[in-house]
Each structure stands twice: as C-alpha cells, then as structure tokens.
Number of protein chains: 2
Amino acid sequence: MALTREAVVGAAVGILREFGLADLSMRRLARDLNVQVGALYWHVSNKQELLVEVAAELLSSPALTAGTAARPPAAAATWRGDILHLGSSLHTLLLPVPDSAEVVQVARVLAPERLAPLTRMTETFTAAGLTPERAASAQSLVVNHVLGAVAEAQNRADFEITGSATDYRWALERALDGLLPPVAHDAGNGRAAGE
Amino acid sequence: MALTREAVVGAAVGILREFGLADLSMRRLARDLNVQVGALYWHVSNKQELLVEVAAELLSSPALTAGTAARPPAAAATWRGDILHLGSSLHTLLLPVPDSAEVVQVARVLAPERLAPLTRMTETFTAAGLTPERAASAQSLVVNHVLGAVAEAQNRADFEITGSATDYRWALERALDGLLPPVAHDAGNGRAAGE
DNA sequence: ACCTGAACACCGTTCAAGT
DNA sequence: ACCTGAACACCGTTCAAGT
C-alpha cells in the first residue's frame with residue numbers, strides 16, 4: 001500500500017471536510033497517513049499545491065461538471081439560467097465543507113485553470129455576448145459573491161451569530177440583471193447584450 | 001515610552017504596508033517594538049483582535065469617512081454615485097497595501113461593526129429603498145467584488161502573471177444597474193426601487 | 001523510486017515571576 | 001499595572017541517509 005498523490009489529496013479533503021482548514025497541516029496529514037512528514041513532499045511539492053488539488057477535487061462534482069455540452073443556438077435566455085444554476089450549485093456544494101470558500105479562493109489565485117467549472121462560467125458569459133475581458137470581470141463578480149456568501153454563512157454558524165443570513169441569491173440575480181440585460185423583444189431595436 | 005495599544009496596532013500596520021501579512025507575526029511585531037512577545041498580549045487579547053484593529057485603521061481614511069452627512073431629500077440618483085465612489089475609494093486605498101483585502105475580510109467576519117465605511121454602504125442601500133436584508137446582501141456583493149479585485153490585482157503582480165487585469169469597475173457598475181434600477185421618468189408609473 | 005529521521009527556522013498563546 | 005523569561009504545543013520545508 002504505497003503512498004500515492006491521490007491518497008494524500010484524498011486524506012487532505014477528508015480532514016478539511018471533518019475538521020476544517022486549521023487542522024489541515026502537513027504534519028497532521030502525515031500522522032493520519034502513518035507516514036513521516038517528509039514523505040508528503042515526494043508526492044506534492046508544497047502545501048499550496050496540495051490546496052489547489054483539494055479545491056479541484058471539491059469542484060469536480062458532477063453537479064458542477066454537467067451542462068453546456070451542446071446548446072441549441074440562439075437559446076439566449078438560458079445563458080442566465082446556466083450561470084444561476086452554476087452559482088447556486090457551487091453554493092450548496094461548498095456550504096457543508098468548512099473553510100471551503102477560503103480553499104477555493106487560494107486555488108483561484110494560484111491556478112485558476114484547475115477549476116474547470118469556474119472557467120466554464122467565464123465561457124458562458126462570453127457565449128452570452130460579453131467580451132473576454134468583461135466576461136472575466138463578470139465571472140469574478142459572481143464567484144466572489146458566492147464564495148463570500150458561503151464564508152459568511154459558515155462563520156455565522158461558527159460564532160453563533162444571531163440575525164438573518166443575507167439573501168445571496170437575490171443579489172446574485174440582481175447582478176445578472178445588470179450583467180446580462182434582457183434582449184428587448186417588444187420593439188424591433190436590435191441592441192445586443194454587450195455595449 | 002510605555003508600550004500602548006496604539007503603538008502595537010501602528011507597528012502592525014507598518015509591517016503590513018511594507019512586508020505583507022506573512023511577515024505580520026506576533027513575534028516579529030514584538031521584535032520591531034523591542035519587547036517580549038508576551039507584552040503584546042497585555043494590550044491585545046489575540047492576533048485576530050489585532051487584525052481587526054489593523055483593518056479598522058486601514059479603513060479610517062478620510063477618503064472613506066466623508067460623505068453622506070446631510071443629503072438633500074429625494075436626490076435619488078446620487079445614491080448610486082455614493083456607492084460607486086465608496087467602492088472605488090476602497091479599491092484605490094487598499095491596492096497599495098499588500099494583503100489588505102485578506103485582512104479586511106477577516107475583520108468583516110469577526111467584527112463587521114468596526115468597519116464603519118462598509119456599514120455606511122449598507123445604510124446607503126437602505127436609503128435608496130432596499131429592505132435591510134437586501135441592503136446587506138447588496139453591500140456584500142459590492143464589497144466582495146472590490147476586495148476580490150484588489151486581491152486579484154495584487155496576486156497578479158506577485159506572480160508576474162501576464163494578461164490584462166479584469167475591469168472591476170465595469171462589473172461594479174453593472175451590479176449597481178441590477179441592484180438600483182433607475183427610476184423610470186418617461187411614463188408616469190410610480191414603481192419604486194425595491195420589489 | 002520512495003521513505004525515514006532529524007534538523008532548521010519559525011509560529012500563537014500562556015503564565016509565574018519580577019518591577 | 002505592565003512587562004520579562006521561559007515554556008508548551010505546534011507549524012512548513014529540506015535533506016542526508018537508508019531501502
């Protein structure tokens with residue numbers, strides 16, 4: 001039963017799920033795997049790379065990987081639905097995993113290309129008519145909002161804060177209102193979504 | 001020259017500004033202040049409380065504290081301008097301070113009431129007609145976006161990443177388009193901003 | 001190729017004891 | 001009241017040496 005990279009990442013995900021990021025240390029990981037700390041560094045070059053791998057695994061759920069395969073052209077109104085669905089799937093997926101928003105944030109900074117569902121969201125924005133730069137900015141707005149909402153909800157639970165949780169979904173929909181203005185189908189003005 | 005709480009916070013802000021969060025340790029702070037580590041704990045109960053203080057000081061700039069004093073009633077169109085101004089002031093203020101977005105995030109979780117400018121932004125949203133819950137959610141969207149943009153720009157610099165920075169301001173304006181729909185002054189329909 | 005043992009240079013926090 | 005000295009229980013990372 002040799003130690004593998006997958007085993008290391010898997011154990012890391014397990015610790016995160018059960019105990020959170022504070023307990024996810026290289027030494028704790030080694031102890032759980034009955035191995036010396038140094039052994040981990042044969043399979044993973046450092047902790048940051050491990051966290052990227054953990055985030056990638058968290059976002060590899062089928063709930064996020066589905067969709068966008070083949071879309072009938074000119075189904076414009078569904079781009080919004082795709083993004084809304086992606087955002088709320090992300091939210092429900094991360095909510096039960098402590099500190100998952102922080103981990104995804106780190107991964108987004110270090111290796112955004114490893115987080116396929118987030119890349120797909122940017123692509124959806126461009127498909128909806130935004131320029132690449134604006135699509136990146138729009139994705140950033142949406143993802144920051146969802147991750148922020150997850151982090152807030154988790155911390156609210158941790159600190160036993162009273163008061164109502166903020167309605168992340170309402171703000172998400174309003175953001176999409178601004179980012180993807182509805183195509184006007186009342187009069188015949190051919191104004192596109194971008195510009 | 002007795003050690004004071006203000007001196008501790010001031011030195012912490014200095015380390016953050018010059019070297020970033022990685023170098024802002026209690027031990028480094030004590031060394032810079034020519035004091036034993038334990039001494040810090042007389043003036044500050046733990047590191048988290050210190051970070052809240054650091055964030056509060058970062059956001060105590062006059063650029064963020066101004067405005068909203070007395071507004072002529074029914075100057076509805078300027079709520080948007082106020083928020084836009086607050087958001088971009090926050091951005092330009094934090095951008096030169098390494099890891100400042102992370103520090104503010106921590107403070108926002110631990111003691112949001114200590115960050116007056118952010119509270120003021122929520123108040124502006126309610127003044128613009130949103131319910132308290134929605135105002136909180138709208139503020140969260142905007143602040144997460146600005147902090148995310150700051151963090152991204154700083155990391156882009158750290159890792160010498162090529163490619164254009166995302167246009168945070170465009171997305172911010174689109175978000176406000178959705179959050180604060182313009183009052184319709186073409187026909188005489190009295191639809192309010194909320195709902 | 002893969003892992004151990006042991007070191008290096010750090011952390012945050014606590015607390016008796018001093019002044 | 002305020003600070004020192006010293007400890008406790010940790011960190012991430014490296015690397016010669018073993019197998």
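Reminder, nothing fancy here: chain letters follow the sequence lines and each chain counts from 1. All heavy atoms count here, side chains included; hydrogens, waters and symmetry mates do not.
For A/R108 and A/N144, the side-chain atoms include at least one donor-acceptor pair closer than 3.5 Å. Side chains of A/E133 and B/T166: a donor-acceptor N/O pair is absent below 3.5 angstrom, by distance only. Side-chain contact of B/T119 with B/E113: a donor-acceptor pair under 3.5 Å is absent, judged by distance alone.
A salt bridge links A/E53 to A/R5: one of the charged nitrogens lies within less than 4.0 Å of a carboxylate oxygen. Salt-bridge formation is detected for the pair B/R80/B/D177: a Lys NZ or Arg NE/NH1/NH2 atom is positioned less than 4.0 Å from an Asp or Glu carboxylate oxygen.
Along DNA chain D, the stretch of nucleotides lying under 4.0 Å from any heavy atom of chain B spans, 5' to 3', D/dA1 to D/dA7.
Residues A/A2 and B/R31 both approach DNA chain C. Their nearest nucleotides, taken by heavy-atom distance, put A/A2 toward the 5′ side.
No option in A/L94, A/T92, A/L93, A/L86 other than A/L94 meets the side-chain contact (heavy atoms from CB on, under 4.5 Å) test with A/L90.
If you take atom C1' in C/dC11 and the same atom in D/dC8, they sit 12 Å apart, rounded to whole Å. The gap from the C1' atom of D/dC2 to that of C/dA17 amounts to 13 Å, rounded to the nearest Å.
Using bins of under 30°, 30° to 60° and over 60° for the plane-to-plane angle, the ring pair A/H145/A/Y168 lands in the tilted bin.
Annotated stems with DNA chain C as a participant read C:4-8 with D:12-16, C:12-16 with D:4-8, given as range with range, by first number; only runs of 3 or more Watson-Crick or G-U pairs under 3.5 Å qualify.
Cation-pi geometry between A/R28 and A/F19 is satisfied (NZ or CZ under 6.0 Å from the ring centre, within 45° of the ring normal).
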